[in-house]
Trainee: 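I have a structure here, written as structure tokens, and I will follow up with some questions on it.
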Amino acid sequence: MQRWAVLLEYDGGAFVGWQRQANGVSIQSLLEDAASHLSGGRGVASVTAGRTDAGVHASGQVAHLDFPAELRLTARAVRDGLSFHLKPHPVAVLDAAPVSLDWNARFSALNRRYRYRILNRSTRPALDAGQVWHVKFPLDADAMRRAAQTLLGRHDFSTFRASSCQAKSPLRTLDRLDVRRDGEMILFEVEARSFLHHQVRNLVGTLQMVGCGRWPEERVRQALDARDRSKGGPTAPPDGLALTGVGYDPDPFATAGANIRSKTFDIS
């Protein structure tokens with residue numbers, strides 16, 4: 001077998017999430033169906049770096065697929081072939097790279113990065129509909145940023161964990177939680193090795209309580225220390241959340257992806 005790492009982007013609004021389910025269309029099912037076309041109709045299973053929920057988007061999702069070595073696939077054939085068979089769904093393969101059979105999209109990952117966007121204005125979004133959380137009332141981004149810094153480091157994040165979370169431990173190390181305003185948009189940049197179910201959305205929903213003035217900044221740390229989901233803020237909607245990247249060392253796409261892109265635009 002030949003293992004391929006693939007880098008994907010998708011609009012999660014139309015899907016039940018990454019994971020294959022019986023009650024709707026998933027990104028996993030579409031990717032595996034597309035892969036079967038490249039594999040002569042044989043089933044191809046996928047492993048992903050992170051299973052995004054229904055409505056959550058991605059600009060840097062990573063998965064791996066195993067194809068029979070006798071197919072002699074190239075990186076460009078994998079990228080363009082998968083993207084072709086993913087039509088007309090809003091899912092595309094940006095890069096593909098061959099990796100060793102002991103490389104794993106999930107377990108080889110060193111970190112995962114998410115971005116959450118709040119559109120903070122009175123008028124509803126038109127161009128960004130389905131891509132942001134629209135909050136009409138003014139938010140204090142500086143207050144949210146200060147409160148966010150108290151959450152960095154290794155903690156028991158039970159307060160920010162969904163009741164359905166299946167992780168064995170609520171302990172996680174939050175490496176980055178930046179909050180900044182860019183015009184009408186408030187951006188949250190979040191990074192950790194791994195996350196609990198709904199952790200990012202629960203963090204954003206809680207910090208929004210600080211931004212609108214309903215919570216004092218210190219209450220965020222008090223909520224964390226309570227280790228009780230009922231002490232936290234609401235869960236932010238999935239619309240504003242996107243998986244923006246997964247870190248590996250070495251990065252399988254660093255060379256392979258650059259080579260594909262240069263060949264794509266080589267008209268000599």
Side-chain angles (χ1 to χ4, degrees), residues 12 17-19 28 47-64 103-118 133 141 143-180 186-211 215 217-249 251:
W18 170 272
Q19 191 170 10
Q28 180 183 22
V47 174
T48 184
R51 294 181 295 180
T52 51
D53 291 331
V56 176
H57 317 292
S59 59
Q61 175 69 282
V62 178
H64 78 247
W103 188 93
N104 188 288
R106 179 184 177 189
F107 295 113
S108 298
L110 300 179
N111 58 64
R112 292 156 177 86
R113 301 181 296 277
Y114 284 88
R115 174 177 295 154
Y116 197 98
R117 300 196 304 160
I118 293 179
W133 179 14
M144 289 190 287
R145 176 184 53 77
R146 290 190 296 268
Q149 300 315 294
T150 67
L151 301 171
L152 295 176
R154 187 166 180 79
H155 305 288
D156 181 328
F157 280 98
S158 293
T159 298
F160 305 100
R161 176 186 191 179
S163 59
S164 59
C165 181
Q166 298 178 356
K168 294 181 180 179
S169 171
L171 292 175
R172 290 294 185 273
T173 301
L174 192 60
D175 296 313
R176 183 185 182 193
L177 180 50
D178 293 340
V179 185
R180 64 182 176 90
I186 297 177
L187 304 174
F188 299 77
E189 304 287 353
V190 194
E191 181 177 329
R193 184 179 183 90
S194 63
F195 291 90
L196 300 168
H197 191 202
H198 285 178
Q199 183 178 351
V200 176
R201 290 167 58 192
N202 289 336
L203 289 170
V204 172
T206 299
L207 292 171
Q208 183 265 164
M209 298 291 282
V210 173
W215 280 28
E217 295 174 26
E218 59 270 17
R219 185 170 170 181
V220 172
R221 180 61 194 228
Q222 293 168 1
L224 172 70
D225 293 339
R227 302 177 185 178
D228 182 345
R229 179 69 193 102
S230 68
K231 303 300 183 183
T235 303
D239 307 49
L241 184 60
L243 174 62
T244 57
V246 184
Y248 299 95
D249 187 18
D251 179 0

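Computed from heavy atoms alone, side chains included, the values below leave out hydrogens, waters and symmetry copies.
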Trainee: Side-chain contact, heavy-atom cut-off 4.5 Å: Asp53 with Arg201?
Mentor: yes
Trainee: Could you give the distance from CD (Gln199) to OG1 (Thr159), rounded to the nearest 0.5 Å?
Mentor: 10.5 Å
Trainee: With a 4.5 Å cut-off on side-chain heavy atoms, are Ser164 and His197 touching?
Mentor: yes
Trainee: Which heavy atom of His57 sits nearest to which heavy atom of Gly12, and what is that distance?
Mentor: ND1-N, 2.9 Å
Trainee: Side-chain contact, heavy-atom cut-off 4.5 Å: Val190 with Arg176?
Mentor: no
Trainee: Is it the case that more than 12 heavy atoms not belonging to Arg51 sit under 6.0 Å from its CZ atom?
Mentor: no
Trainee: Is there a side-chain contact (heavy atoms from CB on, under 4.5 Å) between Val56 and Leu243 once you walk through the steps?
Mentor: CA-CA 8 Å; Val56 176; Leu243 174 62; 5.7 Å; no
Trainee: Let me see the working for Leu203 and Leu174 under side-chain contact (heavy atoms from CB on, under 4.5 Å), right down to the final yes or no.
Mentor: CA-CA 11 Å; Leu203 289 170; Leu174 192 60; 4.3 Å; yes
Trainee: Could you give the distance from CZ (Phe160) to CG (Leu207), rounded to the nearest 0.5 Å?
Mentor: 7.5 Å
Trainee: Crowded around Arg227 CZ? As in, over 12 foreign heavy atoms under 6.0 Å?
Mentor: no
Trainee: Measuring only between side-chain heavy atoms, which start at C-beta, is Leu196 closer than 4.5 Å to Asn202?
Mentor: no
Trainee: Any donor and acceptor pair, going by atom type alone, linking the side chain of Asn111 with main-chain N or O of Gly247 inside 3.5 Å?
Mentor: yes
Trainee: Determine the minimum heavy-atom distance between Ser108 and Tyr248, stating which atoms define it.
Mentor: O-CD2, 3.4 Å
Trainee: As an exercise, state the distance from CH2 of Trp18 to CD of Gln61, rounded to the nearest 0.5 Å.
Mentor: 5.0 Å
Trainee: Gly233 and Thr206: which non-hydrogen atoms are nearest, and at how many Å?
Mentor: N-OG1, 2.9 Å
Trainee: Report yes if the side chains of Pro237 and Tyr116 come closer than 4.5 Å at any heavy-atom pair, otherwise no.
Mentor: yes
Trainee: Using modelled atom types and a 3.5 Å cut-off, is there a donor and acceptor pairing between side-chain atoms of Tyr114 and backbone atoms of Ala192?
Mentor: no
Trainee: Looking at CG of Leu171 and NE2 of His155, how far apart are the two atoms once the value is rounded to the nearest 0.5 Å?
Mentor: 10.5 Å
Trainee: Answer whether the closest heavy-atom distance between the side chains of Phe188 and Ile118 falls below 4.5 Å.
Mentor: yes
Trainee: Would a distance-only check, ignoring hydrogens and angles, find a side-chain to backbone donor-acceptor pair under 3.5 Å from Arg112 to Ala49?
Mentor: yes
Trainee: For the residue pair Leu224 and Asp156, what are the closest heavy atoms and their distance?
Mentor: CD1-O, 3.6 Å
Trainee: Do you know the tightest heavy-atom contact between Gly205 and Ala236?
Mentor: N-CB, 4.0 Å
Trainee: Taking atom CZ of Arg106 as the centre, does the number of heavy atoms from other residues, nucleotides or ligands within less than 6.0 Å exceed 12?
Mentor: no
Trainee: Are any non-hydrogen side-chain atoms of Val220 and Val210 less than 4.5 angstrom apart?
Mentor: yes
Trainee: Find the distance between CH2 (Trp103) and NE2 (His64) and round it off to the nearest 0.5 Å.
Mentor: 7.5 Å
Trainee: For a 4.5 angstrom cut-off between non-hydrogen side-chain atoms, does Val47 reach Phe107?
Mentor: no
Trainee: Looking only at heavy atoms, which two atoms of Lys231 and Ala226 are closest? And how far apart?
Mentor: CG-CB, 3.7 Å
Trainee: Please round to the nearest 0.5 Å and tell me the distance separating atom CZ of Arg172 and atom CZ of Arg154.
Mentor: 8.0 Å
